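Since the model is a prediction, treat every value here as computed from it, not as a measurement. Ligands are counted one by one from 1 in listed order, and the atoms in each one are counted from 1 as well.
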Amino acid sequence: MIYINQLANHVDTEITLKGWVYNYRSSGSLVFIELRDGTGITQCVVAKDEVSEEAWEAATTLKQESSVEITGIVKADERSVGGHEMHVSNVAVIQIAEDYPITPKEHGVEFLMNNRHLWLRSQKQWAAMRVRNEIIFAIHTFFQNRNFVQMDSPIFTGNAAEGSTTLFETDYFDEKAYLAQTGQLYGEALAMAHGLIYTFGPTFRAEKSKTRRHLTEFWMMEPEMAFYDLEMNMNLAEEMIRFIVKTAIEKRSKELEILERDISKLQPLVEKPFVRMQYTEAVDILKSEETAQLLDDMLASRKEEEKALKDEREAIKKEHGSAKKWRKKLIESRQVEIAQRLDQIEEDYRNIPKWKESAQNFEWGNDFGGSDETVLMMQYDVPVVVTHWPAQIKAFYMKRDETDKLALGMDVLAPEGYGEIIGGSQREDSLEVLEERIAEEELDKEVFEWYLDLRRFGSVPHSGFGLGIERTVAWICGLSHVRETIPFPRMMGRLKP
Ligand code: 4AD
Ligand code: MG
């Protein structure tokens with residue numbers, strides 16, 4: 001089999017491609033087929049007088065997403081998608097598709113989500129999945145190169161680890177079981193056996209909120225390292241993120257271009273160190289005059305942008321009537337862009353004042369909400385690592401600093417409003433302290449006995465973190481919602497397809 005992403009090796013020779021009709025256009029004695037085969041898209045030109053009657057017949061009955069086998073000569077062509085074009089000598093139909101529900105016109109997101117099984121074939125969705133794959137592969141590469149062992153933690157578990165409010169409960173042969181919210185506690189056991197490990201698996205949270213950052217089923221990479229303190233943990237997380245971003249930019253530039261990702265926004269963190277600050281400092285920044293001013297400026301710049309867009313909209317509307325066909329098309333697609341951007345600005349008008357209020361009134365001791373993270377990150381073009389959190393808002397297993405008030409946790413916040421992509425910490429390694437915590441939080445000690453054993457038998461300082469794959473993919477791809485970063489998203493109100 002020859003695939004579209006290998007066409008460069010077959011220029012001026014005759015080959016056969018198997019795939020699906022992505023786009024179809026005919027004009028008189030010519031048919032233009034944009035063929036996709038999973039690896040890419042290429043244009044196939046069928047000329048009536050260069051193929052058999054049978055092949056012409058086949059070519060003219062094709063419809064969007066029909067499956068076909070196309071034979072032809074590969075020509076290098078700069079102007080064509082992917083830089084090549086096929087001069088077709090034969091077309092053989094595998095199946096003529098029924099009327100395909102997803103057409104090149106705009107569809108609402110609900111419709112697209114209901115057709116997720118088909119939507120995955122569309123260019124942007126295809127590109128996002130390729131980037132996801134590259135990110136996952138990069139993470140494996142990163143850890144394997146550092147002698148980490150990948151191990152798997154169970155999905156059915158007997159205990160909560162990240163609070164009891166987001167647990168999915170199931171019936172496990174008359175016993176209660178929960179779907180894992182994290183592999184961490186098991187990861188700690190594995191680190192005591194192997195030193196450096198990471199787990200990668202699906203995790204589950206009964207998130208009742210519908211936000212663009214929350215799924216009920218998401219994938220997490222969780223390294224756990226014996227003899228690592230918080231500082232070493234932060235260094236590892238930073239190196240890992242830098243490696244992922246670098247790899248994505250290097251290896252998936254084509255996909256990022258399809259996604260219209262502004263790569264210059266990712267570039268800084270290939271070279272620059274991340275910003276590190278303690279929670280208390282982050283709170284000060286959030287409540288500062290400068291931050292309030294920044295939000296006011298943002299609002300003002302939106303007003304200007306809105307005016308410019310509306311002026312442009314007027315101007316191109318006037319032009320549209322008398323424009324040539326090709327120009328009309330351009331105008332129409334620009335009109336769609338403008339409408340989308342204006343919607344976004346509308347949303348910003350509603351949000352920015354709320355963000356400002358939330359930031360100004362933020363009280364030390366609270367957890368950051370999504371908007372607080374966004375506001376905090378407005379001033380940085382690299383990720384920010386926030387450490388030393390009020391202990392009461394962090395999990396029971398986190399070690400505390402000398403004051404016993406602050407947890408040695410770390411959240412890594414991504415720039416551009418993507419929020420928390422990593423949560424991690426140094427772990428409490430004292431048996432007595434952990435027992436106290438479990439009692440304080442009124443957790444069922446019995447289900448944690450095995451975990452406490454890790455502190456009874458050769459307890460050592462250790463640390464780890466969890467990287468949410470979907471949030472990372474959303475950020476690197478520049479997608480506004482995590483639902484487009486996983487093949488079949490699971491969210492509140494969405495179980496199908
Ligand atoms: O901060 P979290 O809850 O940390 C843990 O679960 C730790 N036990 C990890 C560890 O130390 N081994 O979750 C880690 C990351 C978050 O930063 C976020 O990226 C992602 O998991 N995440 C979600 N992603 C999508 N939807 C959700 N509902 C998510 N909840 C967390
Ligand atoms: Mg967290």
Side-chain angles (χ1 to χ4, degrees), residues 132 135 139 143 148 151 153 157 159-168 178-191 196-225 228 230 233-234 236-237 240-241 244 279 367-370 372-373 377 383-387 389-390 393-399 407-414 418-428 451 462-476 479 481-486 489-492 494:
R132 178 185 169 102
I135 289 171
I139 297 170
F143 285 120
F148 280 64
M151 308 200 80
S153 54
T157 64
N159 51 264
E162 296 298 329
S164 54
T165 54
T166 61
L167 278 175
F168 278 114
Y178 307 103
L179 300 185
Q181 297 167 304
T182 167
Q184 179 196 320
L185 304 193
Y186 300 97
E188 289 182 50
L190 297 168
L196 304 173
I197 67 100
Y198 66 106
T199 61
F200 176 44
T203 45
F204 305 87
R205 308 232 176 140
E207 299 278 4
K208 289 229 174 68
S209 54
K210 293 187 183 175
T211 80
R212 56 198 180 83
R213 294 177 187 171
H214 287 93
L215 295 164
T216 52
E217 179 178 311
F218 64 97
W219 289 69
M220 215 190 324
M221 282 276 187
E222 297 183 85
E224 192 71 34
M225 297 76 67
Y228 267 47
L230 183 66
N233 203 19
M234 283 195 276
L236 185 75
M240 180 197 71
I241 293 177
I244 299 172
Y279 168 89
D367 203 356
F368 294 132
D372 302 319
E373 290 174 359
M377 290 307 292
V384 172
V385 190
V386 182
T387 59
W389 293 75
I393 56 169
K394 289 292 186 192
F396 74 96
Y397 54 70
M398 289 190 188
K399 194 177 176 68
L408 299 179
M410 62 172 204
D411 278 14
V412 180
L413 309 180
Y418 285 93
E420 180 198 330
I421 54 170
I422 281 182
S425 67
Q426 182 166 342
R427 320 305 190 190
E428 180 52 69
Y451 183 66
H462 64 290
S463 300
F465 62 83
L467 171 81
I469 299 297
E470 288 74 21
R471 289 193 192 170
T472 306
V473 176
W475 164 48
I476 292 178
L479 293 166
H481 200 298
V482 286
R483 68 186 160 216
E484 290 180 42
T485 64
I486 183 168
R490 295 290 173 254
M491 303 172 284
M492 197 178 147
R494 164 88 37 209

For atom 15 (C) of ligand 1, what's the nearest protein heavy atom and its distance? Gly466 O, 3.7 Å
Examine Asp411 and say whether one of its N/O/S atoms is closer to the Mg ion (ligand 2) than 2.8 Å. no
Can you list the ligand 1 atoms lying under 4.0 Å from a non-hydrogen atom of Ile422? 17 (O)
Could you check whether the rings of Tyr279 and Trp389 sit parallel, tilted or perpendicular, using 30° and 60° as the cut-offs? tilted
Among Met398, Glu222, Met410, closest by heavy atom to atom 12 (N) of ligand 1 is Glu222
Show the numbers, then the answer: is there a side-chain contact (heavy atoms from CB on, under 4.5 Å) between Ile139 and Thr472? CA-CA 11 Å; Ile139 297 170; Thr472 306; over 6 Å; no
Start with the C-alpha distance between Glu207 and Met492, add both sets of side-chain angles, then the distance that settles side-chain contact (heavy atoms from CB on, under 4.5 Å), and finish with yes or no. CA-CA 7 Å; Glu207 299 278 4; Met492 197 178 147; over 6 Å; no
If you measure from each heavy atom of Glu224 to ligand 1, is any distance below 4.0 Å? no
Testing the 3.5 Å rule here: is there a donor-acceptor pair between the side chains of Gln184 and Tyr397? yes
Top protein contact for atom 5 (C) of ligand 1, by heavy-atom distance: Glu162 OE2, 3.4 Å
Measure from the side-chain N and O atoms of Arg471 to the backbone N and O of Val482, and report whether any donor-acceptor pair falls under 3.5 Å. no
With side-chain contact (heavy atoms from CB on, under 4.5 Å) as the test, would you mind laying out the steps for Arg132 and Glu470 before giving the verdict? CA-CA 8 Å; Arg132 178 185 169 102; Glu470 288 74 21; 2.9 Å; yes
Working to the nearest 0.5 Å, report the span between CE of Met234 and CD1 of Ile422. 12.0 Å
Counting only heavy atoms closer than 4.0 Å, does ligand 1 sit against the backbone of Thr216, its side chain, both, or neither? neither
Under the ring-ring contact (aromatic ring centres under 6.0 Å, His included) criterion, do Phe204 and Tyr178 qualify, and how do the steps go? CA-CA 9 Å; Phe204 305 87; Tyr178 307 103; over 10 Å; no
Provide the number and element of each atom of ligand 1 under 4.0 Å from a heavy atom of Met220. 6 (O), 14 (C), 21 (O)
To the nearest 0.5 Å, what is the distance between CD (Glu224) and CD (Glu188)? 4.5 Å
Heavy-atom gap Val482 to ligand 1 smaller than 4.0 Å: no
Does His214 reach ligand 1 with a nitrogen or oxygen that is under 3.5 Å from one of the ligand's nitrogen or oxygen atoms? no
Quick test: of every protein heavy atom, which one is nearest to atom 28 (N) of ligand 1, and how far off is it to 0.1 Å? Leu215 O, 2.9 Å
Shortest protein contact, atom 25 (C) of ligand 1 (heavy atom only): Arg213 O, 3.5 Å
If you compare Phe218, Tyr418, Trp219 by their heavy atoms, the one closest to atom 30 (N) of ligand 1 turns out to be Phe218
Nearest non-hydrogen contact to atom 6 (O) of ligand 1 from the set Arg205, Arg490, Glu420, Gln184 belongs to Arg205
What atoms in ligand 1 come closer than 4.0 Å to a heavy atom of Glu207? 28 (N)
Can you tell me which residue and heavy atom of the protein come closest to atom 11 (O) of ligand 1, and the distance to 0.1 Å? Arg427 NH2, 2.9 Å
How are the rings of Phe143 and Phe148 set relative to one another: parallel (under 30°), tilted (30 to 60°) or perpendicular (over 60°)? tilted
Just heavy atoms, cut-off under 4.0 Å: does Ile421 contact ligand 1 by side chain, backbone, both, or neither? backbone
Gap separating the CE atom of Met151 from the CG atom of Leu190, nearest 0.5 angstrom: 5.0 Å
How long is the gap from CZ on Phe465 to CE on Met240, to the nearest 0.5 Å? 4.0 Å
Would you please test Phe218 and Thr203 for side-chain contact (heavy atoms from CB on, under 4.5 Å) and show each step? CA-CA 5 Å; Phe218 64 97; Thr203 45; 3.2 Å; yes
How is the N/O/S atom of Glu420 that comes nearest to the Mg ion (ligand 2) named? OE2
Among protein heavy atoms, which lies nearest atom 4 (O) of ligand 1, and at what distance? Gly423 O, 4.0 Å
For Gly468, the ligand 1 atoms whose distance to one of its heavy atoms is below 4.0 Å: 15 (C), 19 (O), 20 (C), 21 (O)
Of all protein heavy atoms, the one nearest atom 18 (C) of ligand 1 is Arg471 NH1, 3.6 Å
Check ligand 1 against Gly424 and write out every atom of the ligand that is under 4.0 Å from a heavy-atom position of the residue. 11 (O)
Heavy-atom contact check, 4.0 Å cutoff: does Tyr397 meet ligand 1? yes
If you count the atoms of ligand 1 from 1 in the order shown, which ones are under 4.0 Å from a heavy atom of Thr182? 6 (O), 8 (N)
